[in-house]
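Letters A, B, ... mirror the listed sequences (proteins, then strands); counts begin at 1.
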Number of protein chains: 2
Amino acid sequence: MAPEPDNLCCPGLADPVLSEAGAEELAQALKALADPVRLRLVHIVASAGEACACDLPALVDRSQPTVSHHLSTLVKAGILGREQRGKWAWFWVEADQLSAVREALTLS
Amino acid sequence: MAPEPDNLCCPGLADPVLSEAGAEELAQALKALADPVRLRLVHIVASAGEACACDLPALVDRSQPTVSHHLSTLVKAGILGREQRGKWAWFWVEADQLSAVREALTLS
DNA sequence: TTCTTGTATCGATGTTTGTCGATACGATAA
DNA sequence: TTATCGTATCGACAAACATCGATACAAGAA
């Protein structure tokens, strides 16, 4: 396959541009965004500034448990913030985290 | 759950910011990027400008079929370009597609 | 406290996905 | 042509995931 273990055919190919750990972390954030329902949830919340969970199942046409699971995924990934207000759960977009993902996708 | 079918508790929540089809398409591109091995492949290729497939299995520590499968996923998503040169397959980053993904992640 | 209601968790299921060994395809070399 | 070698495809398998119904939890209302 390759000519030699450490005599690569392409120059500059040995530099660890993106570490294994860094790739794992970025992939985790991208995975949270790489679902059509979650993308729509993020856009809906972003366009409203804030949104309470009560409206979201109807807007994305999914069951309440499914939406809850997706929201929890997005919160865990740091893309959405969450706050309980009375009996309602409110969500907003963590713009910084989204920017970080965007910038991590900027290659040299 | 929600107060009324079309009397939402949050203003501006009914606008279809991101269509279902648009979400599906963007999710597809993000899914192609949302894997640590594929992310490292993209970064390796980007840092070298071009890379032939021969070196990549060793650099990402995966078998040749696995790397071939990942490269094919990235090419299908439009993130990598591919050209056969003699018996070697060469890859490069399609910067435009990557920029498009980045921009699609910019909310308002 | 008891009742009501919004949200999260549990359990199950069908689908997708990352991975590899074996094998087929393709292009150069002999 | 035949042999060699780089790459893609096939088949299989385990792990991850999206989804939902049922149920548990939590917070206000009565």
Side-chain angles (χ1 to χ4, degrees), chain A residues 1-5 7-10 13 20 23-24 27-42 45 50-77 80-91, chain B residues 1-5 7-10 13 20 23-24 27-42 45 50-77 80-91:
Chain A
M1 194 170 300
E4 299 287 328
N7 179 17
L8 303 172
C9 75
C10 319
L13 230 52
E20 258 179 87
E24 200 78 46
Q28 205 58 32
L30 287 170
K31 224 172 267 200
L33 289 168
D35 177 90
V37 172
R38 285 196 291 270
L39 277 177
R40 288 168 63 207
L41 287 172
V42 169
V45 171
E50 285 180 318
C52 79
C54 58
D55 294 319
L56 300 176
L59 288 175
V60 300
D61 197 35
R62 290 295 186 283
S63 73
Q64 180 270 321
T66 295
V67 170
S68 177
H69 168 252
H70 283 312
L71 289 171
S72 144
T73 297
L74 289 166
V75 170
K76 187 178 302 177
L80 291 188
R82 192 205 118 108
E83 191 186 36
Q84 191 82 23
R85 296 185 195 159
K87 60 205 304 186
W88 293 281
W90 286 77
F91 296 86
Chain B
M1 197 171 301
E4 298 287 328
N7 179 17
L8 304 172
C9 74
C10 321
L13 229 54
E20 257 180 269
E24 199 78 46
Q28 204 58 33
L30 286 171
K31 227 173 266 204
L33 289 168
D35 177 89
V37 172
R38 286 197 290 271
L39 278 177
R40 287 168 63 208
L41 288 171
V42 169
V45 171
E50 287 181 317
C52 78
C54 58
D55 293 320
L56 299 176
L59 287 174
V60 299
D61 197 34
R62 291 296 185 283
S63 74
Q64 179 270 322
T66 295
V67 170
S68 177
H69 168 252
H70 283 313
L71 289 171
S72 143
T73 297
L74 289 166
V75 170
K76 188 179 302 180
L80 291 188
R82 193 204 117 109
E83 191 185 35
Q84 190 83 24
R85 297 186 195 159
K87 60 205 307 186
W88 292 281
W90 286 77
F91 297 85

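One distance of note links NZ of A/Lys76 with CZ of A/Arg82; it measures 13.5 Å at 0.5 Å rounding.
A/Val37 is not listed as a side-chain neighbour of A/Thr66, based on a closest heavy-atom distance of 4.5 Å or more. Looking at heavy atoms from C-beta onward, A/Phe91 lies out of side-chain contact with A/Leu41 at the 4.5 angstrom threshold.
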*Can you check each nucleotide of nucleotides 22-28 of chain D against protein heavy atoms at under 4.0 Å and return B for base, S for sugar-phosphate only, - for none, in 5' to 3' order?*
B----SS

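Checking the phosphate oxygens (OP1, OP2) of C/dT7, no side-chain nitrogen or oxygen of A/Arg82 falls inside 4.0 Å. Considering only side-chain N and O atoms, A/Ser63 lies nowhere under 4.0 angstrom from the phosphate OP1 or OP2 of D/dT19.
In this entry the distance linking CZ of B/Phe91 with P of D/dT7 reads 8 Å, nearest Å. Computed from coordinates, the A/Asp35 CG to D/dT19 C1' distance equals 11 Å when rounded to whole Å. Atom CG in B/Asp61 sits roughly 13 Å away from atom C1' in C/dC20 (whole-Å rounding). Between B/Arg40 atom CZ and C/dG18 atom P the separation is 15 Å, expressed in whole Å. Summarising the geometry, the separation between CZ on B/Arg38 and P on C/dT16 is reported as 15 Å, rounded to the nearest angstrom. Atom CD in B/Glu24 sits about 11 Å away from atom P in C/dT16, given to the nearest Å. When rounded to the nearest whole Å, the span between CZ of B/Arg62 and P of D/dA8 equals 18 Å. Atom CD in A/Glu83 sits about 13 Å away from atom P in C/dA8, given to the nearest Å.
Taking every heavy atom of both residues into account, A/Arg40 and A/Leu59 meet most closely at NH2-O, 3.1 Å. Residues A/Pro36 and B/Ala23 come closest through the heavy atom pair O-CB, 3.7 Å.
Under the side-chain contact (heavy atoms from CB on, under 4.5 Å) criterion, B/Thr73 pairs with B/Ala32, B/Arg38, B/His69, sequence neighbours left out.
Taking the charged nitrogens against the carboxylate oxygens, B/Glu50 and B/Arg85 do have a contact shorter than 4.0 Å, which makes a salt bridge.
Two residues, A/Gln28 and A/Thr66, neighbour DNA chain D, and the one matched to the more 5' nucleotide by heavy-atom proximity is A/Gln28.
Heavy atoms of other residues, nucleotides or ligands lying less than 6.0 angstrom from CD of A/Gln84 number more than 12. Within 6.0 Å of CD in B/Glu20 there are 12 or fewer heavy atoms belonging to other residues, nucleotides or ligands.
Against DNA chain D, the stretch residues 67-74 of chain A makes heavy-atom approaches under 4.0 Å through A/His69, A/His70.
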